[in-house]
Amino acid sequence: MTKSRTWLASGAGLVTAALTLTGTGVADARPAPAADSTTVTPAGHAFTAKVNGKATFKAGSVTLTCSVSASQPSATGTNNHIPQAPDNANPAGPVASDINPPTYSSCTTNLPGVTATVTTTGTWGVSMQNGSPASATLTVPTAGFVLQTSGLASCTVTSAPTGPSSVTGSWTNGGNGSPSKITFVNAAVPVKVTGGFGCPTGAVTSAFNAVYDVTDDTDPASQITVSG
């Protein structure tokens, strides 16, 4: 199976064996329900994910709000592409793609006198899973998102500090001129916070909220869609 099939195996409903202990102490292996089949189209097309409105991250007392964020395909390479057929379909689970790290700019904080910048690195991933509702899982590579504040509080907030981390949002197919969307609502991302006075060093997660429009770069007249 190609990398596109195995990316984010922990993210969106792959079949696993659930091993539970019964009252008699005997191990009872009960298979989890099979995940829905998933097909993402158009196969092989490049896509861009661009924030619609604002993306926010809240860690402890610090809230970061960014009005510009996007992950776009490069001139070369296969990141931000729907897998070619037949890998754009999975009979029992998600369809995944590597993506370029999303950029974040025009960011502000809720703390007076504190400015912030965001650096993203590494290969990120997104997987789409058909269902009711359909979902999309975003994977951040180890330390792939670093927020640095300066001014009255000098803090560093590192997401996925010890290993890759996945967050799942809902997927909505586009239509009638509206692009497809991924919506994250209070998605919890593990973080490590360092710094001095005013830094939320006790925070271990950050709440992520954003809506991303997903558009077809190969054929702007087409929609990126998730179906069974």
Side-chain angles (χ1 to χ4, degrees), residues 7-14 35-36 38 49-71 94 96-97 99 101-111 114 116-120 122 124-149 153 155-174 178-195 198-214 224 226:
W7 238 104
L8 313 180
S10 63
L14 291 178
D36 289 344
T38 302
K50 184 178 181 180
V51 74
N52 183 332
K54 298 177 180 179
T56 65
F57 307 84
K58 187 177 189 302
S61 60
V62 176
T63 300
L64 174 76
T65 301
C66 299
S67 59
V68 178
S69 176
S71 174
S97 301
I99 63 172
T103 58
Y104 294 92
S105 59
S106 298
C107 300
T108 60
T109 75
N110 63 322
L111 303 178
V114 175
T117 58
V118 174
T119 303
T120 54
W124 294 41
V126 65
S127 68
M128 281 76 86
Q129 171 66 59
N130 182 48
S132 298
S135 62
T137 297
L138 180 71
T139 287
V140 184
T142 306
F145 177 104
V146 178
L147 162 65
Q148 181 69 56
T149 68
C155 316
T156 300
V157 181
T158 303
S159 293
T162 60
S165 177
S166 299
V167 292
T168 298
S170 61
W171 173 277
T172 305
N173 285 330
S178 176
S180 298
K181 299 182 186 298
I182 303 174
T183 302
F184 297 99
V185 178
N186 291 327
V189 182
V191 296
K192 179 179 180 180
V193 183
T194 59
C199 297
T201 53
V204 294
T205 60
S206 171
F208 175 47
N209 289 272
V211 177
Y212 281 87
D213 292 338
V214 182
I224 304 296
V226 175

Rounded at 0.5 Å granularity, tell me how far NZ in K192 sits from OG1 in T201. 11.0 Å
Any side-chain to backbone donor/acceptor pair from S135 onto S170? Under 3.5 Å, distance only. no
State which residues pass salt bridge (Lys or Arg N to Asp or Glu O under 4.0 Å) with K58; sequence neighbours excluded, sorted by chain then number. none
Might you point out which heavy atoms bring A134 and V226 nearest each other, and give the distance in Å? CB-CG1, 4.5 Å
Can you tell which of T117, T56, V68, L64 makes a side chain to side chain contact (heavy atoms under 4.5 Å, CB included) with C107? L64
Show the nearest heavy-atom pair for residues V140 and F145, with the distance to one decimal. CG1-N, 4.2 Å
Can you see which heavy atom on C66 is nearest to which on S105, and at what distance? CB-O, 3.7 Å
Mind listing the closest non-hydrogen atom pair of Q129 and P94 along with its distance? OE1-N, 3.0 Å
Going through the distances and angles, do V185 and N209 end up as a side chain to side chain contact (heavy atoms under 4.5 Å, CB included)? CA-CA 5 Å; V185 178; N209 289 272; 4.0 Å; yes
Let me confirm one number: the OG-CG distance from S69 to N52, rounded to the nearest 0.5 Å. 11.5 Å
Any sub-3.5 Å donor-acceptor pair from T149's side-chain atoms to C155's backbone N or O? yes
Side chains of I224 and W171, heavy atoms from C-beta outward: is any pair under 4.5 Å? yes
Less than 4.5 Å apart, any side-chain heavy atom of L147 and any of F57? no
Contact summary for W124 and G144, nearest pair of heavy atoms: CZ2-O, 3.4 Å
Pairwise distance NZ(K54) to OG1(T108) - rounded to 0.5 angstrom: 6.5 Å
Would you check if the side chain of N110 reaches a backbone N or O of T63 as a donor-acceptor pair within less than 3.5 Å? yes
More than 12 heavy atoms of other groups within 6.0 Å of K50 NZ: no
Is there a side-chain contact between I99 and L138 in this structure, where contact means two heavy atoms from C-beta onward sitting under 4.5 Å apart? yes
Do N130 and D36 pair up side chain to side chain, a donor and an acceptor below 3.5 Å, judged on atom types alone? no
Between the side chain of S71 and the main-chain N/O of P102, is any donor-acceptor distance below 3.5 Å? no
Could you walk me through whether V51 and Y104 pass side chain to side chain contact (heavy atoms under 4.5 Å, CB included), step by step? CA-CA 10 Å; V51 74; Y104 294 92; over 6 Å; no
Nearest heavy-atom approach of P101 to T120 is CB-OG1, 3.7 Å
